[in-house]
**Student:** 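Submitted below is the structure of interest, expressed as structure tokens.
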Amino acid sequence: MTDGWDNFDDFDKGFSDDDEEEDEKQNDAETSKDGKGADGKEENEEDVWVNWTLADIEADMEQAVQELPPSYLQTSSKTEGVAEQNLREAFKQNLTKGKTFEADIFFQAPRALHELAVELQELMVKMKLVHFDRATLLASLAYGPLRSPAQASANTATSLDGISIGLDWPEKAPELEVSWPSSSSSSLDAYTRLLHSLPHHLHLARDVRLSMRDVDKYQDKKDISRDELIVNGTFYSGAQGGYDAAIEAIAVAVQRSEEDEGARKLRNWSQERLERAAQLLLSVLNRTSSGFAAFEQVLQIFDCQDVVIISPDSAAAKPLEVAIIGGVALGRAHTRYIVRRSDGGGDPLATVDTSFTFELSTVQLWKVAGEGNDAAWITENFVAPILLQWA
């Protein structure tokens, strides 16, 4: 016959590359629709997904979510992992037509990022605490009770040449995608579940304003009279020395640090300016300021009306701490809070330790404590980390 293909070569030439590509697309489409190849045989899961694009997956995920019953979508993905399980079921039912499908690949990355953020939060909390302890130790060696007897009698400082005090560290930690226990319903069980999923270390950033306009000497005197203060390792009792002794101790610490840095004359530190710098530090550190900031964070995270009550454990609070060395002023105020059931029964649900911390340069203090009057005072904004640990 001459009206057909003369031989196989002619038959092969009768198909263009475009025809072959069209056949492949048709086979891929048939495979993606019913999980079978063009020959009707069942395909492997890898073969089913191999030609899918990101747009294909996102479109099917959106379709799967839209087809879920409304009750599936009422639970946040942050709580109890319910929504994740629902999405897994949606993958199974809608994308693979009942075939076995491992959806972990879609959740491993967010889970890994969350675990990394938790570890970084813990690392930053511990690093900040160690950094402050180191600065306190160095200040005690240079100016405080750990000086040699000869230096103490001569009132001279230990040389700390070459030792850096400042910490080059991010002010804010990575954000955590978690639900606070305070967001639970009126159920104690729901609150407990969220509590147990909460990281035990949290590095929380607090914006603070530093200004002479905010110094309330009357309130500061009341606060320090019932508190204790450690300045460069030396202990001061507010009940004995009161406000004046605290201000003098901090002013002397600023002065010694500036003298060691050779900056006091350069920056024209008058005695009045030194006292104002001390007042600024104490006004930020006192319990009214630092305690309010810490308690507000604890309430935001742990409080749940009609489920728990939160109370400060004042007896466990450590003294206020100030370390000024190497041109850096550091402060720390520790408070402890107890979380109990609303009826007061049973053991505490959680014990929360907070450390309100800050780190300022003496240059910042010098600027804000500058000469002038109420209209001329400048304002300096900074971030004060609140380090929270609970057990």
**Student:** State which residues pass salt bridge (charged side-chain N to carboxylate O under 4.0 Å, His left out) with Glu119; sequence neighbours excluded, sorted by chain then number.
**Tutor:**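 Scan of Glu119 (salt bridge (charged side-chain N to carboxylate O under 4.0 Å, His left out), adjacent residues dropped) gives none.
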**Student:** Are the side chain of Arg332 and the backbone of Phe356 linked by a donor-acceptor contact shorter than 3.5 Å?
**Tutor:**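 Not confirmed, Arg332 side chain does not pair with Phe356 backbone.
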**Student:** So, Thr357 side chain and Pro385 main chain: donor-acceptor pair closer than 3.5 Å or not?
**Tutor:**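 Side chain of Thr357 to backbone of Pro385: a pair is present.
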**Student:** Any side-chain to backbone donor/acceptor pair from Ser289 onto Leu285? Under 3.5 Å, distance only.
**Tutor:**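 Checked: no pair found.
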**Student:** Going through the checks in order, is the side-chain contact (heavy atoms from CB on, under 4.5 Å) test met by Arg209 and Asp214?
**Tutor:** CA-CA 8 Å; Arg209 188 176 75 168; Asp214 297 330; 2.7 Å; yes
**Student:** Tell me whether Glu248 at atom CD has more than 12 heavy atoms from other residues, nucleotides or ligands lying less than 6.0 Å away.
**Tutor:**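 No.
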**Student:** Which atom pair, heavy atoms only, marks the closest approach of Gln297 to Arg206?
**Tutor:**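 For Gln297 versus Arg206, the nearest heavy atoms are OE1-NH1, 4.2 Å.
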**Student:** Check Val125, Val178, Ile301 against Leu202 for a side-chain contact (heavy atoms from CB on, under 4.5 Å) and give me the one that passes.
**Tutor:**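 That would be Ile301; it is the only one of Val125, Val178, Ile301 passing the side-chain contact (heavy atoms from CB on, under 4.5 Å) with Leu202.
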**Student:** Is the side chain of Ser355 donor-acceptor paired with the backbone N or O of Leu387 at a distance under 3.5 Å, no angle test?
**Tutor:**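 Answer holds: no.
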**Student:** Under a 3.5 Å distance rule, please check whether Tyr191 uses its side chain to pair with a backbone N or O of Phe302 as donor and acceptor.
**Tutor:**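 Yes: the side chain of Tyr191 pairs with the backbone of Phe302.
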**Student:** Verify the distance criterion only: is there a donor paired with an acceptor across the side chains of Asp306 and Ser342 at less than 3.5 Å?
**Tutor:**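 No - no donor-acceptor pair under 3.5 Å links their side chains.
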**Student:** Between Glu258 (side chain only) and Gln255 (backbone N and O only), is there a donor and an acceptor less than 3.5 Å apart?
**Tutor:**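 Looks like no, no N/O pair under 3.5 Å.
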**Student:** Classify the side-chain pair Asp260/Tyr143 by whether it contains a donor and acceptor separated by less than 3.5 Å.
**Tutor:**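 Yes, side-chain donor-acceptor contact under 3.5 Å.
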**Student:** Side chains of His131 and Glu359: donor-acceptor distance under 3.5 Å anywhere?
**Tutor:**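 Their side chains do contain a donor-acceptor pair, which is all the 3.5 Å distance test asks for.
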**Student:** Please report the shortest heavy-atom distance between Arg147 and Arg256, naming the atom on each side.
**Tutor:**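 Closest heavy-atom pair between Arg147 and Arg256: NH1-NH1, 4.4 Å.
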**Student:** Looking only at heavy atoms, which two atoms of Ile309 and Arg341 are closest? And how far apart?
**Tutor:**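 In terms of heavy atoms, the two residues are closest at CG1-O, 3.6 Å.
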**Student:** Write down the atom of Gly233, the atom of Ser140, and the distance for their closest heavy-atom approach.
**Tutor:**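 That closest heavy-atom pairing would be CA-OG, 3.2 Å.
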**Student:** Looking at Phe132, is its backbone amide N or carbonyl O close enough to the side chain of Thr136 to form a donor-acceptor pair, meaning the two atoms are under 3.5 Å apart?
**Tutor:**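 Yes: the side chain of Thr136 pairs with the backbone of Phe132.
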**Student:** Check whether any side-chain heavy atom of Arg267 lies under 4.5 Å from a side-chain heavy atom of Val363, and answer yes or no.
**Tutor:**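 Yes, at least one pair of side-chain atoms sits under 4.5 Å.
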**Student:** Would you compute the distance between atom NE2 of His203 and atom CD of Gln389 and round it to the nearest 0.5 angstrom?
**Tutor:**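 So the gap between those two atoms works out to 11.5 Å.
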**Student:** Measure across Thr351 and Arg336 and return the closest heavy-atom pair with its distance rounded to 0.1 Å.
**Tutor:**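 For Thr351 versus Arg336, the nearest heavy atoms are CG2-CD, 3.7 Å.
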**Student:** Determine the minimum heavy-atom distance between Pro319 and Phe235, stating which atoms define it.
**Tutor:**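 Distance-wise, the nearest heavy atoms are CG-CE1, 4.5 Å.
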**Student:** Please answer whether the main-chain N or O of Pro199 pairs with a side-chain N or O of Trp390 as donor and acceptor at a distance below 3.5 Å.
**Tutor:**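 Here the side-chain-to-backbone pair exists.
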**Student:** Just by modelled atom types, is the Ile324 backbone N or O under 3.5 Å from a matching donor or acceptor in the Asn232 side chain?
**Tutor:**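 At least one qualifying donor-acceptor pair exists.
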**Student:** Look at the side chain of Ser197 and the backbone N and O of Leu194, then say whether any donor-acceptor pair between them is shorter than 3.5 Å.
**Tutor:**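 Side chain of Ser197 to backbone of Leu194, a donor-acceptor pair under 3.5 Å: yes, one is there.
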**Student:** Can you tell me how far apart CG (Leu204) and CD (Gln300) are? Round to the nearest 0.5 Å.
**Tutor:**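 Nearest 0.5 Å value for the CG-CD distance: 8.0 Å.
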**Student:** Apply salt bridge (charged side-chain N to carboxylate O under 4.0 Å, His left out) to the pair Lys126 and Glu122, showing each step before the final yes or no.
**Tutor:** CA-CA 6 Å; Lys126 293 181 176 179; Glu122 180 177 354; 2.7 Å; yes
